Amino acid sequence: MKNIQTIVVDSKEQGAEKICGLVREELEAGRLHVLGLATGSTMEPVYEKLRASDLDFTNVTAFNLDEYVGIPATHENSYAYYMNHHLFSEKPFKETHIENGMAEDLDAECVRYETLLKENPLDIQFLGIGENGHIAFNEPGTSPDSVTHVVELTESTIAVNSQYFKEGETMPVTALTMGISSIMQAKKLIVAAFGEKKRAALEKLFAGEVSTEWPVTYLLDHQDVVVITDLKL
Ligand code: GLP
């Protein structure tokens, strides 16, 4: 697929190294001003490498893909907490943005976020993939025209992500997420997918047919996608 460059690595640590290399290239070429970040276990080694690197993000604005509704930034399962913990506490950025899942008016919050994104076009967007093929929290069935919106999570996502919540804690079933169109506007997409659980989603992508049921396949319509994976497909 001419628009998708695939880099096969032996481990997620090696994958993280590659991603840092791509970021370095863009940063040093003066092409990285706005960086879209993702969360999840896939991204942890990436942030570990970025933290340990000499890369300087003080002129870079960051936007995160998504956030749970109803848990504050101090909650250890919020994506705001994740980002502070894994990256921002050690790597200062010019500005960082994430949807406010505690906003009283969630629709207004989505409009605010999408407006900010339009004012700060993404140079690079990191993406992980959900086992059901979601990107950010764009679940199967999401329209390609979607912008930042409120989403009810699917049973599959709740089952996968609930492992990160402590026993007795209730996992939010609602989230705010950049839409497919918000993501597709990024100049470059860097997709990381490690481990067998991501095989089905990557197979759908490489099958080359866009399907609403597998949101990851929307990436087929983007001009500059790099997929980093340890899967041999
Ligand atoms: C969550 C996030 C996604 C992320 C996905 C994969 O659902 N909203 O943005 O890509 O999980 O997570 P993991 O990397 O833990 O497999």
Side-chain angles (χ1 to χ4, degrees), residues 9 11-13 15-16 18-19 35-50 62-71 73 75-83 85-87 97-101 110 113 117 122 124-142 146 148-165 171-184 186 189-205 214-219 222 225-231:
V9 291
S11 63
K12 56 180 175 180
E13 285 69 31
K18 290 273 177 205
I19 294 175
L35 175 59
L37 301 169
T39 52
S41 55
T42 307
M43 299 309 296
E44 285 178 22
V46 177
Y47 297 140
E48 196 182 316
K49 296 263 187 299
L50 288 181
F63 280 90
N64 261 84
L65 286 171
D66 45 13
E67 179 59 288
Y68 289 113
V69 165
I71 55 172
H75 189 295
E76 61 182 30
N77 287 108
S78 75
Y79 289 161
Y81 183 96
Y82 173 108
M83 289 313 307
H85 179 70
H86 289 287
L87 190 61
H97 300 280
I98 189 162
E99 296 94 333
N100 176 9
C110 291
Y113 204 70
L117 280 170
L122 296 159
I124 295 181
Q125 176 64 57
F126 289 163
L127 288 174
I129 311 179
E131 288 176 33
N132 64 355
H134 72 221
I135 48 173
F137 270 137
N138 292 286
E139 296 282 29
T142 307
S146 52
T148 304
H149 62 286
V150 183
V151 63
E152 296 305 322
L153 302 178
T154 60
E155 287 302 322
S156 148
T157 298
I158 294 167
V160 173
N161 287 14
S162 59
Q163 60 177 310
Y164 299 110
F165 286 78
M171 186 194 144
V173 294
T174 309
L176 302 182
T177 182
M178 279 192 207
I180 298 294
S181 144
S182 336
I183 293 169
M184 293 290 278
L189 302 177
I190 298 181
V191 185
F194 305 119
E196 281 304 318
K197 289 180 173 170
K198 305 296 167 77
R199 184 177 288 277
L202 274 197
E203 276 176 355
K204 290 285 172 196
L205 174 65
W214 290 86
V216 65
T217 62
Y218 287 133
L219 306 187
H222 193 280
V225 183
V226 183
V227 174
I228 310 219
T229 182
D230 61 349
L231 293 170

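Remember, predicted model here, so these are calculated numbers, not experimental data. Counting convention: from 1, in listed order, for ligands and their atoms alike. Computation of the quantities below employed the complete heavy-atom set of this structure, encompassing side-chain atoms and omitting hydrogens, waters and symmetry-equivalent molecules.
For atom 4 (C) of ligand 1, the closest non-hydrogen atom of the protein is Thr39 O, 4.1 Å. Regarding atom 12 (O) of ligand 1, its nearest protein heavy-atom neighbour is Gly40 CA, 4.0 Å. Atom 14 (O) of ligand 1 has its closest protein heavy atom at Thr42 OG1, 2.4 Å. From the protein, the heavy atom lying nearest to atom 16 (O) of ligand 1 is Lys198 NZ, 2.7 Å. Distance from atom 8 (N) of ligand 1 to its nearest protein heavy atom, with residue and atom name: Asp66 OD2, 2.7 Å.
Judged by the shortest distance from any of its heavy atoms, Ala136 lies inside the 4.0 Å radius around the atoms of ligand 1.
Nearest heavy-atom pair, Leu176 versus Asn100, reported as atom, atom and distance to 0.1 Å: CD1-O, 3.5 Å. The minimum heavy-atom distance linking Gly130 with Ala201 is given by the pair O-CB, 4.1 Å. Summarising the geometry of Thr157 relative to Phe137, their closest heavy-atom pair is CG2-CE2, 3.7 Å, with the distance given to 0.1 Å.
Compare His134, Met43, Gln163 by their heavy atoms: the one nearest to atom 7 (O) of ligand 1 is in His134. With Tyr79, Tyr82, Tyr68 as candidates, the residue nearest to atom 2 (C) of ligand 1 on a non-hydrogen basis is Tyr79.
Under a cut-off of 6.0 angstrom, the local environment of CD in Glu155 is sparse, with at most 12 non-hydrogen atoms contributed by other residues, nucleotides or ligands. Within a 6.0 Å sphere centred on NZ of Lys204, other residues, nucleotides and ligands contribute 12 heavy atoms or fewer.
Annotation: Phe165 is in aromatic contact with Tyr68 [ring centroid separation under 6.0 Å].
Side chain of Tyr82 to backbone of Gly40: a donor-acceptor contact under 3.5 angstrom is found.
Contacts of Ile129 with ligand 1, taken as heavy-atom pairs under 4.0 Å, involve the backbone alone. In Lys197, neither the side chain nor the backbone holds a heavy atom less than 4.0 Å from any atom of ligand 1.
Proximity to Gly128 (heavy-atom distance under 4.0 Å) selects the following atoms of ligand 1: 10 (O). Here is the list of ligand 1 atoms found below 4.0 Å of a heavy atom in Tyr164: 15 (O).
Side-chain contact between Glu139 and Leu153: present, with at least one pair of heavy atoms (C-beta onward) separated by less than 4.5 Å.
Judged purely by distance below 3.5 Å, without hydrogens or angles, the side chains of Thr148 and Glu99 never pair a donor atom with an acceptor atom.
By the 3.5 Å distance cut-off applied to N or O atoms, Ser41 is counted among the residues near ligand 1.
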